Structure formats: C-alpha cells, structure tokens
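Okay, structure first, notes after.
Everything quoted here is computed from the prediction, not taken from an experiment. Numbering starts at 1 and runs along the sequence shown.
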Amino acid sequence: MALMAPPDPAAPRLAALAALLADETRASFCLALLDGRAWTAGELARYASVAPSTASEHLGKLVAGGLLTEERQGRHRYLRLTDERAAHLVEDLAAQAAPGDGERPRTLRAASTSSALARGRTCYDHLAGRIGIAIADAMTARGLLRQDTGFALTEAGLNWFGELGIGLDTGTRRPLVRGCLDWTERRPHLAGIAGAALCRHALDTGWCVRIGSGRAVKATADGERALHEHLGIEPETIR
C-alpha cells in the first residue's frame, strides 16, 4: 500500500488567505483600495454601505491577514493595501471574476462606472484599462518595452524615461517592470517601478486626472497631446 504524502504546509495559509476575500464586504474594501490611496475606516464603511462597527471587524481581519496595513493619525485610522503584491493578488482575482461578455450592468450608474473604469483607472499605483494597455502596446511597438519573454525595458526604454525626466528608483526589491493582467482588457499592462513612476508623472503633470473619489482616470487634452507626441497613441483610442 502506497504511503500518503504529508499535507502541504502551505495549504492552511492558502485557505486562510482565500477566506479573507470570501466575504463581499472585505472584497469591496480591497477593490476600493486598488486606487493606491489610504482610506479611513469610515470612508470604507460608507463605500461598502456597512456600519462602522462591521467595517472595523472586517478591517481587523484584513490587517491581521497581511492584506492591509494601517496607520493611525489622531482619531483617524487610515488603511491601504500592504504592498504591490497584495494589489496584484486582488487585481488578478478580479480579472478571473470579471463579468462575461453577455453580462450587462444592472443600473445606469453601474454602467457609467464600468465604462469609466474600462477607459482608464489606477491599479494600485500604475495605469490600467484602455489607457494602460495603449501605453504598453505603444512602448512595445516603439522598441521601448519587450513583452516576448515577460516585461523588460530596453535600453531605448530606459533612455525614454530619462528624456521625460521620470526617475526610476531601482534601490528596492520591487521589479523594474512587470506585466499585470488587466481585468477589463484581459491583457497585461505595465506595472512595477516604471509603471508606478509613469502613472505618478501622468497625474502630476496633468496628463491624466482622477474622476470622482474612485479609481477611474481619464486623459486630459494635454495628456492626449503628450501621449501622441511621445508614444504615437491616437487620442480616440483612449477616450
């Protein structure tokens, strides 16, 4: 009789992690925090339409489980996703759970939100949606980015960031570039140090602006001109 293999020690940890996101309220919190900003516990409670006491209980579980980190300032409790790895986990799972092609939003507000997010949004600290995909495609077409063996900046790509005055902090363990599966486009957009730096530059220079208090962003007229000048992106493809 063959001996049974011992249970994988990672199984309990995986099950505990899956349980954290198995609750709709906790999943809503994590999706909201994909905008890369810190939210107060009260803001998250209102976002998920739950009582503050309920939100506090769920947030405590997410912090204890390592998905969120918290910082207290006075009487306020600010929460954010722990790091890029946590953000990618949530975004990748959202991609798997994205509605099918035949599934339509139930309300006009939901349809408007879905359309705005599909056009452009922040995925933790980098650009996603049609804007993010257009940037990754244009960089690849111009020889600035390689996607054939995973994402990698070419020498020309490094020079391109320098010419735009976008600094790349390579003094961390975070990868310089990586592909992140886009849940609306079902293709990878640019993440990593370079993706974060480009997103920050786009927001700081006014190439892109946030819409409301959520994750959605859109290219401004100046941004459309800049993206066309620097990457050849046609404005109508990101509207």
Ring pair (Phe, Tyr, Trp, His ring centres under 6.0 Å) partners of residues 59-89, not counting sequence neighbours, each pair once: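 Non-adjacent pairs meeting ring pair (Phe, Tyr, Trp, His ring centres under 6.0 Å): H88-H126.
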Qualifying ring pair (Phe, Tyr, Trp, His ring centres under 6.0 Å) pairs, either residue in residues 8-28, two or more places apart: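 As it turns out, there is no ring pair (Phe, Tyr, Trp, His ring centres under 6.0 Å) pair with a partner in residues 8-28 once direct neighbours are skipped.
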Ring centroid separation W39 to Y47 under 6.0 Å: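 Here the rings of Y47 and W39 have centres that are less than 6.0 Å from each other.
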Residue pair T184 / R121, side-chain donor-acceptor N/O under 3.5 Å: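 There is such a pair between these side chains.
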Salt bridge present between E224 and R239 (N-O < 4.0 angstrom):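 Yes, this pair counts.
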Pairs meeting criterion salt bridge (Lys or Arg N to Asp or Glu O under 4.0 Å) with involvement of residues 142-156, two or more places apart: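 Counting only pairs at least two positions apart or across chains, the salt bridge (Lys or Arg N to Asp or Glu O under 4.0 Å) contacts touching residues 142-156 are R146-D148.
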Main-chain N/O of D182 paired with E185 side-chain donor or acceptor, under 3.5 Å: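 Side chain of E185 to backbone of D182, a donor-acceptor pair under 3.5 Å: no, none is there.
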Any donor-acceptor pair under 3.5 Å from E84 side chain to G192 backbone: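 A pair under 3.5 Å: yes.
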Selection residues 127-141 - residue pairs positive for side chain to side chain donor-acceptor pair (under 3.5 Å), sequence neighbours left out: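 Counting only pairs at least two positions apart or across chains, the side chain to side chain donor-acceptor pair (under 3.5 Å) contacts touching residues 127-141 are D137-R187, T140-Q147.
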Summary of side chain to side chain donor-acceptor pair (under 3.5 Å) pairs that have at least one residue in residues 13-31, sequence neighbours excluded: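 Listed once each, the pairs are R26-H58.
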Heavy-atom check, side chain of V63 versus side chain of T69, under 4.5 Å: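 Of all side-chain heavy-atom pairs linking T69 with V63, none is under 4.5 Å.
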Close side-chain approach of S56 to R77, heavy-atom, < 4.5 Å: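 With C-beta onward as the side chain, the pair touches.
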Rounded distance (nearest 0.5 Å) linking atom CG of L145 with atom CD1 of I135: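 Here the interatomic distance stands at 11.5 Å.
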Distance in Å, R85 CZ paired with Y124 OH, rounded so as to fall on 0.5 Å steps: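 Answer rounded to 0.5 Å: 12.0 Å.
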Considering all heavy atoms, the nearest T122-C199 contact: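 Looks like CG2-SG, 4.1 Å.
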Residues forming a ring pair (Phe, Tyr, Trp, His ring centres under 6.0 Å) with F161, sequence neighbours excluded: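 None.
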Worked verdict on T170 versus L176 for side-chain contact (heavy atoms from CB on, under 4.5 Å): CA-CA 7 Å; T170 58; L176 179 60; 4.2 Å; yes
